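Here is the structure we will look at, set down as structure tokens.
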There are 2 protein chains.
Amino acid sequence: MAAASISKDEIVDRLFAVFQEQGFDGASLSDVSRATGLGKSSLYHHFPDGKLQMAQAVLERATAVIDSEIAGVAKSALPLKVRIRKIVALLNQIYSGGRTQCVLGRIATSSVRSDTLDGLRVAFDLWIGAIASLAEESGMPARRAGTFAEDWVARLQGALIMQAATGDTGAFERALDALIELGEKDTG
Amino acid sequence: MAAASISKDEIVDRLFAVFQEQGFDGASLSDVSRATGLGKSSLYHHFPDGKLQMAQAVLERATAVIDSEIAGVAKSALPLKVRIRKIVALLNQIYSGGRTQCVLGRIATSSVRSDTLDGLRVAFDLWIGAIASLAEESGMPARRAGTFAEDWVARLQGALIMQAATGDTGAFERALDALIELGEKDTG
DNA sequence: GTCTATAACGGGATAGAC
DNA sequence: GTCTATCCCGTTATAGAC
């Protein structure tokens with residue numbers, strides 16, 4: 001508990017960043033060690049089950065962020081238009097305008113698989129549910145709002161892939177715009 | 001050139017499958033060796049620069065497939081509706097109904113990066129261009145057809161990520177349906 | 001053109017001192 | 001709770017026989 005020590009929250013923050021930037025398979029323990037300033041043994045003190053447990057911690061953090069910054073905002077008392085703009089601003093920041101990957105996607109396409117699949121489902125369902133509630137509020141029938149949300153999240157994930165492949169952030173920007181348009185055509 | 005030997009084309013086929021299933025970072029030379037039935041030294045005989053060169057060969061193969069099976073079909077003399085259905089059938093087959101990843105996406109999000117980025121751009125641009133020409137034929141103005149195609153390919157890529165995360169192929173199926181709809185509302 | 005064998009390195013993970 | 005030192009294994013890659 002020494003003052004100079006990095007907190008567990010900060011450790012998970014760094015893990016989040018490393019996995020987001022390098023991917024789960026692409027990030028080595030040495031990378032994690034460098035990013036946190038902690039030796040490998042210290043890392044195993046915090047995460048006895050190693051990299052897999054680190055991924056789960058990152059997944060929990062991602063879920064918490066989605067819960068408070070997306071689902072939470074979506075449920076708040078602000079006008080629909082404002083809520084949507086806040087969420088779009090957050091996504092734009094997290095993904096650096098479309099130039100960094102999504103940590104959920106990186107874990108989903110990694111070799112971890114089955115152990116963390118439940119956590120991934122929870123995170124995506126929470127995200128999709130929040131977008132669906134916004135879509136429904138904007139006037140869509142419930143069923144259509146559900147598929148809209150799934151398709152929209154997929155579109156965002158794919159836009160990040162496209163950027164990685166081509167360097168073009170256009171698809172990402174248009175995806176965010178499409179969400180904003182939801183809020184413009186209604187009373188909120 | 002012995003009869004029992006596997007051809008270079010077949011080797012690249014197996015490489016394609018391994019990288020598609022395991023990802024570039026996730027596939028080891030042992031995996032490749034097992035999939036091809038070739039020893040590691042034989043692999044280095046065919047690909048002196050190792051894994052990176054294997055990825056480039058796979059990328060070239062992917063580009064060739066897109067060129068003949070997507071761009072080629074899109075330019076053929078068949079009715080628009082038929083061309084689109086052929087392309088959709090191919091995509092459904094390549095991605096096993098949405099249950100396997102795209103090798104382009106896997107390379108794009110791997111640690112290979114800069115060396116192969118040109119090849120990735122070429123492959124995606126070819127794909128996007130083919131979809132754009134179909135969209136334009138269906139009645140969209142040129143500019144809108146271009147963004148439609150980019151967004152549609154992004155949507156498909158993201159749908160595969162979503163399936164990996166949640167097991168749900170709904171987004172993939174709806175993406176294919178959206179392409180089919182392009183062909184239904186026109187004379188072709 | 002493929003094999004066996006092995007080098008050289010980095011990966012994840014652990015022991016034990018402090 | 002962090003460190004140094006180390007283990008074991010898999011990885012990429014190479015050498016040389018056939």
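Computed from heavy atoms alone, side chains included, the values below leave out hydrogens, waters and symmetry copies. Order of the sequence lines fixes the chain letters, A, B, ..., with proteins taken first and strands second; residue numbering starts at 1 for each chain. Just so you know, these numbers come straight off a predicted model, no measurement behind them.
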| said: Heavy atoms within less than 4.0 Å of DNA chain D: which residues of residues 50-62 of chain B have one? Give them sorted by number. | reply: B:Gly50, B:Lys51
| query | Could you state the CG-C1' distance from B:Asp49 to D:dT14, rounded to the nearest angstrom? | reply | 14 Å
| Integer-rounded Å distance: C:dT4 C1' and B:Leu43 CG | 15 Å
| request: Could you state the atom-to-atom distance from CZ of B:Phe24 to C1' of D:dT12 in whole Å? | output: 11 Å
| query | When all nucleic acid strands are considered with a 4.0 Å heavy-atom cut-off, which category describes A:Ser42: base, sugar-phosphate, or nothing? | reply | base
| said: Suppose the criterion is side-chain hydrogen bond (donor to acceptor under 3.5 Å, both in side chains): which pairs have a residue in residues 42-57 of chain B, not counting sequence neighbours? | reply: none
| Restricting to pairs with a member in residues 84-101 of chain A, which pass salt bridge (charged side-chain N to carboxylate O under 4.0 Å, His left out), not counting sequence neighbours? | A:Arg85-A:Glu184
| message | Just the rounded figure in Å: distance from P of D:dG1 to CZ of A:Phe47. | response | 12 Å
| message | Is the phosphate of D:dG1 approached by A:His45 (side-chain N or O, under 4.0 Å from OP1 or OP2)? | response | yes
| Taking the six-membered ring of A:Phe47 as reference, does the NZ or CZ atom of A:Lys8 fall below 6.0 Å from its centre and within a 45° cone about the axis? | yes
| said: I need the residues from residues 30-41 of chain A with at least one non-hydrogen atom less than 4.0 Å from DNA chain C; give them sorted by number, or say none. | reply: A:Ser30, A:Lys40, A:Ser41
| remark: Residues passing the side-chain contact (heavy atoms from CB on, under 4.5 Å) test with B:Ala74, sequence neighbours excluded, are B:Ile87, B:Ala130, B:Ser133, B:Leu134
| query | Rounded to whole angstrom units, what separation is found between the CG atom of B:Leu29 and the C1' atom of C:dT6? | reply | 15 Å
| note | When rounded to whole Å, the CZ to C1' distance for the pair A:Phe19 and C:dG12 reads 12 Å
| message | Suppose we screen for side-chain contact (heavy atoms from CB on, under 4.5 Å). Which residues come up paired with B:Ala135, at least two apart in sequence or across chains? | response | B:Met140, B:Ala145, B:Phe148, B:Leu182
| task | Specify the separation, in whole Å, of atom NE2 of B:His46 and atom P of C:dG1. | result | 7 Å
| Taking the side chain from A:Asp125 and the backbone from A:Val122, do they hold a donor-acceptor pair closer than 3.5 Å? | no
| query | Given C:dA13, D:dG1, D:dT12, which nucleotide is nearest the side-chain atoms of A:Tyr44? | reply | C:dA13
| note | Sorted by chain and residue number, the side-chain contact (heavy atoms from CB on, under 4.5 Å) partners of B:Ser7 (sequence neighbours excluded) come out as B:Asp9, B:Glu10
| request: Using the test ring-ring contact (aromatic ring centres under 6.0 Å, His included), find all partners of A:Phe124 that sit at least two apart in sequence or belong to another chain. | output: none
| note | Across all chains, not counting sequence neighbours, the ring-ring contact (aromatic ring centres under 6.0 Å, His included) partners of B:Phe172 are none
